[in-house]
2 protein chains.
Amino acid sequence: MKTTIYDVAEKAGVSISTVSKVINHQPVGMKSKQKVLDAMQELNYKPSVLASALTGKRTSTIGFLLPDIANPLIAEMARRVEDRAHEYGFNVVICSTDFKSEKEERYVSLLRQKRVDGFILAGGFRNKEVIHELISDNIPVILLSESQPYSSLTTVTVDNFLGGYELTAYLISLGHSRIAVIAEDNASSRERIRGYSQALQESDLDIHEDLIVVTDSTAESAQSLASSLLQSSNPPTAMICCNDILAIGALLAAREEHVLVPEELSITGFDNTLISKSSDPPLTTVEVPVQSMCSQAVDLLIDEIEGKASEKQKILVLPKLIVRRSTSRFH
Amino acid sequence: MKTTIYDVAEKAGVSISTVSKVINHQPVGMKSKQKVLDAMQELNYKPSVLASALTGKRTSTIGFLLPDIANPLIAEMARRVEDRAHEYGFNVVICSTDFKSEKEERYVSLLRQKRVDGFILAGGFRNKEVIHELISDNIPVILLSESQPYSSLTTVTVDNFLGGYELTAYLISLGHSRIAVIAEDNASSRERIRGYSQALQESDLDIHEDLIVVTDSTAESAQSLASSLLQSSNPPTAMICCNDILAIGALLAAREEHVLVPEELSITGFDNTLISKSSDPPLTTVEVPVQSMCSQAVDLLIDEIEGKASEKQKILVLPKLIVRRSTSRFH
DNA sequence: ATGAAAGCGCTAACAC
DNA sequence: GTGTTAGCGCTTTCAT
């Protein structure tokens, strides 16, 4: 049989409330405390988180909803969140929502039944109703890497605008002026495009709408889009791809069209994932400070859980340009 | 205030035990049942998993311990496990152990305090003591993708021996006879090497121990090892790398040494991860049927949890050779 | 400083 | 078929 607080109390010759007090670090007489500690040790006693949660304590568990844990970038975030949470003695329950409102709702509901202490919602949470329910039920929530503006929530995001801006400015500095963008249909990409536009404007370069194309998230469709771009009468000399996978697609397109990278075409990725290092040539890309973002998200969440959150805040972390061999000067 | 079983009972005009019975699908009179259902609906009642678990019911949560969720292959496994578990209404708590015995112990202990219903231990669990404790405490455990022989546990693994065998046999069929192996120091690699040796023997080819090298898990060290191999007086014409990342290292080494792949050197990976498709050239590799393995692992675990497991079994799933452009005939 | 006792929300006999 | 009641293991007043 599992050993309970009663067993410990009996062994230590005190009452269960005394045991409870030592568990919760409440004032207890020196000698009783020692006896209890000894008894706990001897019996290898572990308090039941269930029972304690039932009486109003926390479960020390947080729900982490994300689009798809199989996505390497997100997996990396999961790892960081997990590590940070464990530092505080919290466990993380991961649920992949595939951007499906319905799954989002189901998982949130499931996790609430299990009384998780709070949620981190990462990378595009569709179901606003669920979010509002969480807010109105006063459940701690952090939005991570999610550009949507929820005024009443704490969010942690990378500065996508700046990332797009820096990438573009770098390409301009290399002499490029016809720079295409292969984007996804989401808020992050839109921000990156804004940065791109800003950089062009600051250099008095025209923005050609036909150089900005939107694709789904596969390398294949990026490849076909990039091919069309290259076959056009006045092809771009550089392509900014809104993530590394899209950039791989562009790379394949260039190879197919016998366009040399980087001599004839510069290509950039975004996210600095593993494939940006292993591709040929390795990709110039933008590093997102995943670790810092995730640590902050966890810290903020736990602050809220423990009621010591000052107020909702928006945190913007800075991206970093990583120059590799997929870009070069344009003559 | 959260609505409880009492609220529902009151609203429906029945006793809490009747409500409990309808929740647990026990025989209840038609009309009472309907009233209860209505009340639950109206009050938006969700049973507390905590309370019910406290009385001996399950928590419908499983612990999934793995080396590192940031590893793409493992992330894919996590996704599959998660999906399958959700089909049964189970949640998954993921913990990355980094192969550290100490973390393994801490996480298992933490999760047991939270009364998870069972564990899936994936890809190399070091701490045998913890495993034995789990066994002796009669807690359901499945070993996933873990070649170590625990006689008293159900395991699900890919047939690494066969994978190594098929890869080697394929290279032999292409005319290769000097085939190197770049392996990791773990049970999977050892199995793959066994398959390699077997294939060589069946073709009456000699096994050269100096062609079998062991590295840590980084592309960098694989690269330097591959370089040495290529610089030797009698270099191999093919390299079997025990995972795709190592193969990328070999690819880089070949490029560095100006050895053409696949014309002068064939390279193979293992696992069929994303990078095996995006590399240049894309890698011939072995696909591990992750989805099937994970589904089976979850099914077996839940069978054990529900007490309807027949007996411990060893499941071996079959790998599949994927031929891409990193291998070619040797003249 | 310590203990007795009343819950937390639910399940499972047991009685009606 | 339905209700009563005693726990599950813990926290928390409230006495002592």
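A, B, ... follow the sequence lines: proteins, then strands. Residue 1 opens every chain.
Projected onto DNA chain D by closest heavy-atom contact, B:Ser32 and A:Ile5 fall at different nucleotides, the more 5' of which corresponds to B:Ser32. In this structure, A:Tyr6 and A:Lys33 both approach DNA chain C, and ranking their closest nucleotides by distance from the 5' end singles out A:Lys33.
A sub-4.0 Å separation between OP1 or OP2 of C:dA12 and a side-chain N or O of B:Lys57 is present.
For the pair B:Tyr45 OH and C:dG9 P, the computed distance is 10 Å after rounding to whole Å. In this structure, CE of B:Met40 is placed 15 Å from C1' of C:dG9, rounded to the nearest angstrom. To the nearest angstrom, P of C:dA1 lies 11 Å from CD of A:Gln26. Put simply, CG on B:Asn24 is 17 Å from P on C:dG9, counting in whole angstrom units. If you take CZ of A:Arg115 and P of C:dC10, they are 11 Å apart, rounded to a whole angstrom. In this structure, B:Lys2 places its NZ atom 18 Å from C1' of C:dG7, rounding to the nearest Å. Atom CD of A:Glu10 is separated from atom P of C:dG3 by 13 Å (rounded to the nearest Å).
Side chain of B:Ser20 to backbone of B:Ile16: no donor-acceptor contact under 3.5 angstrom is found. The backbone N or O of B:Ser60 sits less than 3.5 Å from a side-chain atom of B:Asp117, completing a donor-acceptor pair. With hydrogens and angles disregarded, a donor-acceptor distance shorter than 3.5 Å links the side chain of B:Asn71 to the backbone of B:Leu73.
Counting non-hydrogen atoms of other residues, nucleotides and ligands closer than 6.0 Å to CD of A:Glu306 gives a total above 12. Counting non-hydrogen atoms of neighbouring residues, nucleotides and ligands closer than 6.0 angstrom, the NZ atom of A:Lys11 reaches no more than 12 such neighbours. Annotation: B:Gln26, atom CD; neighbour count of heavy atoms from other residues, nucleotides and ligands within 6.0 Å is above 12. Counting non-hydrogen atoms of neighbouring residues, nucleotides and ligands closer than 6.0 angstrom, the CD atom of A:Gln113 exceeds 12 such neighbours.
Mapping heavy-atom proximity under 4.0 Å, the span of DNA chain D touched by chain B runs 5' to 3' from D:dG1 to D:dG9.
Summarising the geometry, atom CD1 belonging to A:Ile5 is positioned 8.5 Å from atom OG belonging to A:Ser17; distances are rounded to the nearest 0.5 Å. Rounding to the nearest 0.5 angstrom, the gap separating the CZ atom in A:Phe125 from the OG atom in A:Ser101 is 7.5 Å.
Among C:dT2, C:dC8, C:dC10, the nucleotide with an atom closest to any side-chain atom of A:Leu54 is C:dC8.
Across all strands shown, B:Gly56 has no heavy atoms under 4.0 Å from either base or sugar-phosphate atoms.
For DNA chain C, the residues of residues 12-21 of chain A within the heavy-atom distance limit of 4.0 Å (strictly under) are A:Val14, A:Ser15, A:Ser17, A:Thr18, A:Lys21, sorted by number.
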